[in-house]
Amino acid sequence: MFFLFKWIDDLIGKGFEWYTILELMYYASAANVSMALPLSVLLSSIMTFGTLGENYELVAIKSAGISLQKAMRPLFVVILMLTVASFFFSNYMLPKANLKFGSLLYDIRNKKLSFLIKPGVFNNAIPGYAIRVDSKEEDGTLHNIMIYDHRENNGIPKIILAKEGKMSKTSDGKFLQLNLKNGIQYEEQSSKNGMYNPRQVFTRNRFKETWPRFDMSSFDPNTTDPNAFGNSTPMLNLKGIVKKRDSLTKQLDTLQIKTIANLTSNFKQFNTTKGYTKVKAAPREINDVILKSIPNGSRKLALDNATNVVANIMQHVPNWGPRQTDLKGEIIFATVEYQRKFTLAASCILLFFIGAPLGAIIRKGGMGLPVVVAICFFLVYHIITTVAEKSAREGNLNPIFGMWIAVIVLSPLAAFLTYKATVDSALFDVNYYKQLIVKVFKKKGK
């Protein structure tokens with residue numbers, strides 16, 4: 001459903017074959033395994049042990065001298081096998097699925113151009129333009145074309161009318177080109193304040209042929225996903241992520257070394273005969289205006305030198321700052337994706353040791369109460385994971401700790417539930433709490 005909500009406008013009604021959409025959904029579903037697999041382990045373990053408890057089969061097992069831990073061992077072996085399989089899936093299969101999804105989505109978006117302009121309908125898919133045609137032929141020839149250009153001129157559109165045109169794509173793929181023939185271009189110059197003025201200039205130009213271009217950046221997948229295709233972090237395995245992270249770290253170190261060298265060169269003492277020197281001046285405390293501590297004859301020179309230093313720094317800082325921020329963000333993202341390969345496997349074991357004791361305690365099977373309990377506990381796990389991952393990617397939390405915080409927080413809960421199930425605790429037994437409340441009131445009445 002998340003996939004359909006996100007991509008339905010780009011897929012439905014654009015003339016794509018049904019099997020192409022199904023193929024895209026198939027590749028996208030691989031990314032949902034990280035959410036579906038832990039939930040399925042939690043739900044299935046609750047339902048299994050809940051059914052055993054509801055049918056008094058756990059009582060029979062324990063009466064035969066078999067503890068709950070021994071009864072869980074065969075399923076624990078299955079969970080270990082599933083854990084190993086999930087690790088290999090996230091390390092090998094998921095990157096390939098993400099790559100297939102990205103490349104197929106790119107092809108679909110390029111193919112979308114042939115369905116971009118619909119006859120008889122104004123289309124606003126290209127930012128700043130509204131395009132309408134009366135009819136369109138199979139070879140892409142358009143008839144009775146009307147184009148409104150809203151990009152400039154204080155909101156007053158420039159209008160282009162043409163009897164015939166043909167849509168094509170430039171060789172570099174960055175622009176959509178329309179070859180218009182036999183048309184008129186209307187343009188109205190706005191006033192300086194943007195208000196309508198009946199005396200403002202109105203121009204009309206006739207043309208036999210023209211080639212307006214439209215920017216295709218809105219259809220480039222890099223505008224919605226900067227991590228596109230082969231070198232994207234989600235499309236790499238552990239070895240590729242380590243290699244990319246090392247490369248990003250080297251780039252960041254090189255940038256920081258150059259930045260420090262350039263900045264420090266502005267603060268070295270300059271000598272007219274020896275050039276820059278390494279003379280260390282004793283620090284002075286200035287409690288008043290700085291200029292008062294400079295001799296009168298040198299104040300103008302000092303101000304000019306300070307202005308040049310600041311100008312030199314401000315010339316480079318706007319380039320260094322964003323690049324350094326981007327590199328740090330990419331390194332954090334690579335670390336997050338590296339840890340994700342392991343957290344998926346660990347979550348299966350964690351949620352099994354939450355679900356199995358829960359099922360033994362609540363003693364309810366089927367699709368009723370177990371589903372509600374499973375969803376509640378999974379929401380807690382998912383919310384902790386999502387919030388911690390977002391904080392880690394923003395740099396507010398260590399990425400390794402952020403990816404493992406859900407496991408760290410919920411592991412004591414798993415141990416507590418396992419202990420309660422072993423000692424036959426009535427933790428979720430409503431009748432137990434009713435009897436407890438009745439006993440409390442009876443004691444108060446006495």
Side-chain angles (χ1 to χ4, degrees), residues 30-49 68-69 72-73 75-95 233-234 236-238 241-242 245 331-362 370-422 427-428:
N32 293 326
V33 171
S34 59
M35 183 181 296
L37 184 60
L39 177 59
S40 62
V41 170
L42 177 63
L43 179 59
S44 59
S45 58
I46 292 177
M47 291 177 64
T48 300
F49 281 87
L68 180 64
Q69 287 85 349
M72 291 171 58
R73 284 179 187 175
L75 291 180
F76 180 65
V77 173
V78 175
I79 293 298
L80 286 179
M81 295 171 61
L82 184 63
T83 300
V84 175
S86 65
F87 170 75
F88 282 106
F89 172 83
S90 61
N91 192 34
Y92 296 104
M93 299 297 295
L94 187 57
T233 305
L236 299 174
N237 55 19
L238 290 176
I241 292 176
V242 171
R245 186 172 57 187
I331 292 173
I332 292 174
F333 184 62
T335 305
V336 168
E337 290 297 321
Y338 184 89
Q339 298 298 322
R340 195 192 305 277
K341 309 291 185 184
F342 299 96
T343 54
L344 174 60
S347 63
C348 294
I349 299 177
L350 171 67
L351 294 180
F352 170 74
F353 279 103
I354 291 178
L358 270 178
I361 292 173
I362 63 177
V371 175
V372 177
V373 175
I375 291 176
C376 291
F377 276 90
F378 178 75
L379 283 177
V380 173
Y381 167 79
H382 182 63
I383 290 173
I384 295 175
T385 302
T386 304
V387 173
E389 180 180 344
K390 184 178 180 180
S391 300
R393 293 184 64 172
E394 292 176 352
N396 300 323
L397 195 65
N398 183 281
I400 299 176
F401 177 73
M403 293 302 293
W404 287 93
I405 189 171
V407 178
I408 297 172
V409 170
L410 295 179
S411 292
L413 176 62
F416 173 75
L417 291 176
T418 303
Y419 168 74
K420 286 295 184 179
T422 304
L427 192 62
F428 293 95

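For the numbers below, each heavy atom of this structure counts, side chains included, while hydrogens, waters and symmetry mates do not.
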Next item on the list: Mind listing the closest non-hydrogen atom pair of Y338 and F342 along with its distance?
Entry: O-CD1, 3.5 Å

Checklist line | P357 to L417 - nearest heavy-atom pair and separation | finding: CB-O, 3.3 Å

Next item on the list: For the residue pair V41 and I79, establish whether any side-chain heavy-atom pair is separated by less than 4.5 Å.
Entry: yes

Checklist line | Residue pair L39 / A374: nearest heavy atoms and the distance that separates them | finding: CD1-O, 4.3 Å

Notebook entry, point to check: Is there a side-chain contact between F49 and M72 (heavy atoms, below 4.5 Å)?
Noted result: yes

Next item on the list: Report yes if some heavy atom in the side chain of L94 is under 4.5 Å from a heavy atom in the side chain of V33; otherwise report no.
Entry: no

Notebook entry, point to check: How far does CZ of F87 sit from CG of L344, to the nearest 0.5 angstrom?
Noted result: 10.5 Å

Next item on the list: Apply the test side chain to side chain contact (heavy atoms under 4.5 Å, CB included) to residues F377 and L413: give CA-CA distance (whole Å), side-chain angles for both, the deciding distance (0.1 Å), then the verdict.
Entry: CA-CA 11 Å; F377 276 90; L413 176 62; 3.5 Å; yes

Margin query: For P399 versus A392, what's the shortest heavy-atom pair and its separation?
Written below: CA-CB, 3.7 Å

Margin query: As an exercise, state the distance from CG of L37 to CG of N32, rounded to the nearest 0.5 Å.
Written below: 12.0 Å

Check: Does any non-hydrogen side-chain atom of Q339 lie less than 4.5 Å from one of W404?
Finding: yes

Next item on the list: Please round to the nearest 0.5 Å and tell me the distance separating atom CZ of F333 and atom CZ of R340.
Entry: 7.0 Å

Margin query: Rounded to the nearest 0.5 Å, what separates atom CD1 in I46 from atom CD1 in I375?
Written below: 10.0 Å

Checklist line | Nearest-0.5 Å distance that lies between atom CZ in F353 and atom CG in L358 | finding: 13.5 Å

Margin query: Could you report the tightest heavy-atom contact between S44 and T48, atom names first, then the distance?
Written below: O-OG1, 2.7 Å

Check: Under a 4.5 Å cut-off applied to non-hydrogen side-chain atoms, are I354 and Y381 in contact?
Finding: no

Next item on the list: Measure up the F378 and H382 rings against each other and bin them: parallel (under 30°), tilted (30 to 60°), perpendicular (over 60°).
Entry: parallel

Next item on the list: Start with the C-alpha distance between I384 and V409, add both sets of side-chain angles, then the distance that settles side chain to side chain contact (heavy atoms under 4.5 Å, CB included), and finish with yes or no.
Entry: CA-CA 9 Å; I384 295 175; V409 170; 4.2 Å; yes

Note to self: Could you report the tightest heavy-atom contact between S45 and A356, atom names first, then the distance?
What the structure shows: OG-N, 3.6 Å

Item checked: Residue pair K341 / I241, side-chain heavy-atom distance below 4.5 Å -> yes

Next item on the list: State the OG1-CG distance between T83 and L350, to the nearest 0.5 angstrom.
Entry: 10.5 Å

